[in-house]
Structures are given as structure tokens and as C-alpha cells.
2 protein chains.
Amino acid sequence: MSKQLPPEILELIADRFRILAEPARLRILNTLMLGERTVSDLVQDTGLNQANVSKHLGVLRASGFVDRRKEGLYAFYSIADPSVEVLCEIMCGRLEVQAHEQSAILAGSS
Amino acid sequence: MSKQLPPEILELIADRFRILAEPARLRILNTLMLGERTVSDLVQDTGLNQANVSKHLGVLRASGFVDRRKEGLYAFYSIADPSVEVLCEIMCGRLEVQAHEQSAILAGSS
DNA sequence: ACACTGTATGATCACATAGTAATATAAGGA
DNA sequence: TCCTTATATTACTATGTGATCATACAGTGT
């Protein structure tokens, strides 16, 4: 536990965190958790424009978070890295903890 | 599982990922996993300059990842959010999986 | 061959932020 | 009080990248 990691590894980890540090990409991933979707589906779902969605999908694919399957004119994207969901759940859980602490502080100071 | 999250929540999650998307901050956190450290300790350990370390610590503290305890001239920082370690481990595990896949591909194509 | 649709790819702009130097603040000692 | 040390902050620059527009590319049908 808590072993010291060399700077090169920490850079790679930071790179992966950076991919997820974007609301638009999280929206896309969150939709993909429901199952495979085409680019057009995601454009509809997120309200982002097509170029933007395509670019985010490119980033997500290059970093191995999603997979692509081409079929005719369509490109079907899907989650390739199941850890995404776990990561978001942890972050979410932490948000709830902090929200609790804040309301506790507010309640205490009143 | 895999519930749809509203955009506001995803923005908060993205904010937290962004905090961790920095090699320098991960270096600091990784050192703090060994225990409480002063700013000077961290400057020594990371090789970053003092202003830079202070600024990163400020960001980490504002987002609740670390705590501060002042004692005389010194400021002792420590991990406040234990989930950091888990998050890094997951990312690390995923890096290993990808490394394996890549070497498998290379071996197969030879 | 042409037209149409879905997706990907530049080029550009705007903005956020990491790093750094200089300086400010705060605490302790002579 | 003055000096020194530890930490925080401010101002600035440079770099990275998200959003957008326009356009290119690929597959399908006529």
C-alpha cells in the first residue's frame, strides 16, 4: 500500500485523469454506460455539436476509454474501460461526504 | 449502477479529476501518503520550487484533498481524502492492463 | 457519376492554468 | 526592534486545449 511511484508513472496517471477532467467527456461516457451509441446519438443526447463530439470521442478512444465499431455510415462507440464507472462513483461519493460536512458546519455555526 | 448523472454533478466530478490531472500534485500527494509533511519537506522531496509547491498545496486544500496544521513557522500538510490512493491505484492498474495488451499485440504481430 | 448522409479533421480563437520571480506575511530569536 | 526563516500571494508569461466553423472523407443510394 502507498508505495512511492516514479515521476514517469505519475505523469501517465495524470494524463488519464486529465482525460476525465472534462464535463463533456463525462457526459459522453455517462451515456455510453447505457450501451453502445453512434456519434449522432451522442450529439442528440449531449447537445454538443458533431465536430465537438467526434473530437472528444477521438481523445477517449486514443486513451483506451472507449471502443469503436464501424458499420456502414455509422460509428458505434462503447465503453472499453470499465474502471471509468468506479472512478466516477468514488468521486461522487466524495462529493456527498463533503456536502454533508458542509451542512454539518453550517448547522453547527448557526 | 450506471445511473444517469445531471450535467451539474458531472461538472463537479470533472473539477475533482482536474485537480488530480497534474503530475506535480500527484507527486505531492504520493509523498503525503507516507505521512504528514511540511512545505519545505515537499520542496525537498519533489524538486519543485517553494512558490510552486505552496500553490499546488493551496489548490489541494481548497478542494479538500489535503489538510493543514500550523505550528510555529511550519505548516504541516496531510492527506484529508483517502480516496486519492484508491483512485491512483485504479489508474495504475489500468496502465498495467494496457501495457500487457500492447506487448501481447507486439508479440502476436512478430 | 452525382448527391446525400454520417463522421473525421484542419484552422482559428479564446480561455484557463502551470511555472517563475518578486514580494508580502507571519513567527521566532538576538 | 531588527533579522532570519517558513510559507503565502501577486503579477506575468507561456503553453495547452476546448469550442466552433469549414471542409474533407467515406459509405450508400439513384
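Throughout, protein chains are lettered first and strands after them, A, B, ... in sequence-line order, and every chain is numbered starting at 1.
Here the side chain of B/N30 pairs no donor or acceptor atom with the backbone of B/R27 at under 3.5 angstrom. Of the possible polar contacts, none joining the B/D45 side chain to the B/L42 backbone as a donor-acceptor pair under 3.5 Å is found.
The 5' end of DNA chain D is approached more closely, in terms of each residue's nearest nucleotide, by A/A24 than by the other of A/A24 and A/G72.
B/R37 is listed as a side-chain neighbour of B/T31, based on a closest heavy-atom distance under 4.5 Å. At a threshold of 4.5 Å between non-hydrogen side-chain atoms, the residues B/I90 and A/I90 count as touching.
Between A/H56 and the phosphate of D/dA19, there is a side-chain N or O to OP1/OP2 separation shorter than 4.0 Å.
In terms of the salt bridge (charged side-chain N to carboxylate O under 4.0 Å, His left out) criterion, residue partners of A/E71 (sequence neighbours excluded) are, by chain and number, A/R69.
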Extract all donor-acceptor atom pairs below 3.5 Å that involve side chains of residues 13-22 of chain A and protein atoms in other chains or at least two apart in sequence.
residue: A/R16; atom: NH1; partner: A/S63; partner atom: O; Å: 3.1
residue: A/R16; atom: NH2; partner: A/D81; partner atom: OD2; Å: 2.8
residue: A/R18; atom: NH2; partner: B/A21; partner atom: O; Å: 2.4
residue: A/R18; atom: NH2; partner: B/E22; partner atom: OE1; Å: 3.0
residue: A/E22; atom: OE1; partner: B/R18; partner atom: NH2; Å: 3.0

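The distance from atom CG of A/L48 to atom C1' of D/dT20 is 12 Å, rounded to the nearest whole Å. Going from atom CG of B/N49 over to atom P of C/dT23 covers 16 Å, rounded to whole Å. A straight line from CD of A/E22 to C1' of C/dC15 spans 12 Å, rounded to a whole angstrom. In this entry the distance linking CD1 of A/I28 with P of C/dA8 reads 11 Å, nearest Å. Regarding A/L42, its CG atom lies at a distance of 14 Å from the P atom of C/dG6, rounded to whole Å. In this structure, A/R69 atom CZ and C/dG6 atom P are separated by 17 Å, rounded to whole Å. When the P atom of D/dG16 is taken as reference, atom CZ of B/R18 falls 16 Å away, rounded to whole Å. What separates CD1 of A/I19 from C1' of D/dG18 is a distance of 13 Å, to the nearest Å.
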inquiry  = Each nucleotide in nucleotides 7-13 of chain D should get exactly one letter: B, S or -. Can you fill that in based on protein heavy atoms under 4.0 Å?
reply    = BBB-B--
